[in-house]
Amino acid sequence: MNEIKSESEHIRSNLPELDVNLFCDLELIDSVKYLGFHFHREIELVKVKTGGIRCGFVDKTEWVSEGDLLIVNSNTVHRLIPGPERSVCDLVQLDASNYLAENEPQTEKYLSAFVNINFASPYMLVKKGEHTEVSDAIDRMIREYKTKGVAYDLYIRSCIYGILAFLRRYRLLVDLHEIADVTKLEKIADVIGYINSNSEKKLSLDMISGESYINKYYLCRLFKNTVGTTVGEYINYVRMRKAEEMLSTTSKSVTDIALSTGFSSVQYLGRLFRHYRGCSPTEFRKRKTSRY
């Protein structure tokens, strides 16, 4: 397979308080923005209104016809290519991570979003006439955003929850309890809770295993088998998510945020942001605080 170069698309949110971007009657043209392989944190829903588009992935290409709906999952490398006729789409970009964490117990905060990186389906093509509830939700969101009637933001939020329920049902978002053994989850619940509450400290396997009364070698195997990653990777993810929250809600410098969330340097925080979010911490802050 030829090497595919991709770049992160830095999306500015036009409804940042709802973590969603809405674009109506977007015409796809032959430009670097659409032809180049890219990825982004947001889940992307592309509803083709006229014409057709091709969506290229790392190992295959899908043709999306008029009336079809393409759902591209978070951080999936892809490119959109307009068809031979004029291609017009409605497009929704949705950051699901905050919604996923809303009703989770403290012991599982951050964990569901983290396991979705490894286990969720990369995309779904919904043919015309199938699962019309998703297409209807997109239409309602755009209509509410255009008219901005009373409580329009609540209507949009209700549509978002409907879309998220669909995504979970069809495994573009995975339920932690569907993919992990419940007994194993119970065994590492204290570990997850301890990491979530103490991630700003200088954590070590010896410290974590001592607090949870689990042999550190057994803990490593158990954690890997349960959530598909290492303890260290999860610690860094939690620290990064807490840094995101501070970037969005405080005016602290990136360096202060890096040190206060447990990172040894601002450079390490930057590397993790580029790995998980495709942008620097500063670029993330600008995106979250931008208004159209």
Side-chain angles (χ1 to χ4, degrees), residues 8 19 41-42 74-75 95-120 173-177 179-180 184-214 216 218-250 252-285 287-288:
S8 171
D19 293 313
R41 173 180 175 174
E42 291 78 2
S74 174
N75 295 316
D95 184 350
S97 57
N98 290 330
Y99 291 93
L100 289 174
E102 279 182 349
N103 297 313
E104 291 177 339
Q106 179 64 28
T107 53
E108 294 178 12
K109 187 179 181 182
Y110 309 119
L111 189 58
S112 287
F114 184 65
V115 299
N116 267 277
I117 296 171
N118 299 317
F119 293 100
L173 294 174
V174 297
D175 187 334
L176 175 64
H177 297 273
I179 63 170
K184 291 180 179 178
L185 272 177
E186 291 174 349
K187 288 182 178 179
I188 66 169
D190 289 342
V191 174
I192 296 296
Y194 182 77
I195 292 172
N196 291 352
S197 300
N198 297 276
S199 58
E200 73 282 358
K201 299 177 181 178
K202 189 175 181 179
L203 298 178
S204 67
L205 272 176
D206 288 327
M207 182 187 301
I208 296 169
S209 61
E211 288 289 335
S212 55
Y213 301 102
I214 301 176
K216 68 178 181 180
Y218 175 66
L219 172 60
C220 289
R221 293 195 302 272
L222 180 63
F223 202 94
K224 180 77 172 180
N225 291 337
T226 305
V227 299
T229 189
T230 66
V231 175
E233 287 172 327
Y234 181 69
I235 292 171
N236 284 331
Y237 180 79
V238 172
R239 288 171 173 166
M240 188 204 67
R241 287 296 306 276
K242 290 185 177 182
E244 283 183 347
E245 293 165 7
M246 294 182 70
L247 287 165
S248 301
T249 59
T250 76
K252 289 184 176 182
S253 70
V254 176
T255 298
D256 286 344
I257 289 173
L259 297 178
S260 64
T261 51
F263 289 101
S264 57
S265 69
V266 68
Q267 290 81 9
Y268 192 31
L269 173 62
R271 286 199 296 272
L272 279 176
F273 256 84
R274 288 185 176 85
H275 173 72
Y276 284 110
R277 301 301 182 228
C279 64
S280 70
T282 301
E283 290 165 336
F284 176 85
R285 169 176 271 169
R287 185 180 70 190
K288 296 296 283 188

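Residue numbers count from 1 along this sequence.
Atom CD of E244 and atom CG of L247 lie 8.0 Å apart (nearest 0.5 Å). In this structure, M207 CE and N198 CG are separated by 8.5 Å, a value rounded to the nearest 0.5 Å. Going from atom OG1 of T226 over to atom CG of L219 covers 9.5 Å, rounded to the nearest 0.5 Å. For the atom pair CE of M240 and CG of L269, the computed distance is 8.5 Å after rounding to the nearest 0.5 Å. To the nearest 0.5 Å, the span separating CD1 on I235 from CZ on F263 amounts to 10.5 Å. Here the NZ-CD1 distance, from K216 to I208, works out to 11.5 Å after rounding to the nearest 0.5 Å.
The shortest non-hydrogen separation linking L203 to S199 is CD1-CA, 4.0 Å. Contact record, P281 with G270: CD-CA, 3.9 Å, taken as the closest heavy-atom pair. Residues S265 and A258 approach most closely at O-CB, 4.1 Å, considering heavy atoms. A pairwise comparison of heavy atoms in M246 and S260 identifies CE-OG, 3.6 Å as the closest pair. Looking at every heavy atom in both residues, R285 comes nearest to K252 through NH2-O, 2.8 Å.
Ring-plane geometry between Y234 and F223 is classed as tilted, the angle between the planes lying from 30 to 60 degrees on a 0 to 90 degree scale.
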(message) Run the side chain to side chain contact (heavy atoms under 4.5 Å, CB included) test on T229 and Y237 for me, step by step, so that the C-alpha distance in whole Å, both residues' side-chain angles and the decisive distance to 0.1 Å come before the verdict.
(response) CA-CA 11 Å; T229 189; Y237 180 79; over 6 Å; no
(request) Using the side chain to side chain contact (heavy atoms under 4.5 Å, CB included) rule, take I257 and T250 through it: C-alpha gap first, then chi angles, then the decisive distance, then the call. (result) CA-CA 9 Å; I257 289 173; T250 76; 4.1 Å; yes
(message) Apply side chain to side chain contact (heavy atoms under 4.5 Å, CB included) to residues V231 and I195 and explain how you reach the verdict.
(response) CA-CA 9 Å; V231 175; I195 292 172; 4.0 Å; yes
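For S197 (side chain) and Y194 (main-chain N/O), no donor-acceptor pair under 3.5 Å exists by modelled atom type.
Looking at Y213 and D190, their side chains never bring a donor and an acceptor atom within 3.5 Å of each other.
With respect to K242 and E245, no salt bridge is recorded, no charged nitrogen being found less than 4.0 Å from a carboxylate O.
For the ring-ring contact (aromatic ring centres under 6.0 Å, His included) test, residues two or more places apart in sequence or in another chain that qualify with F273 are F284.
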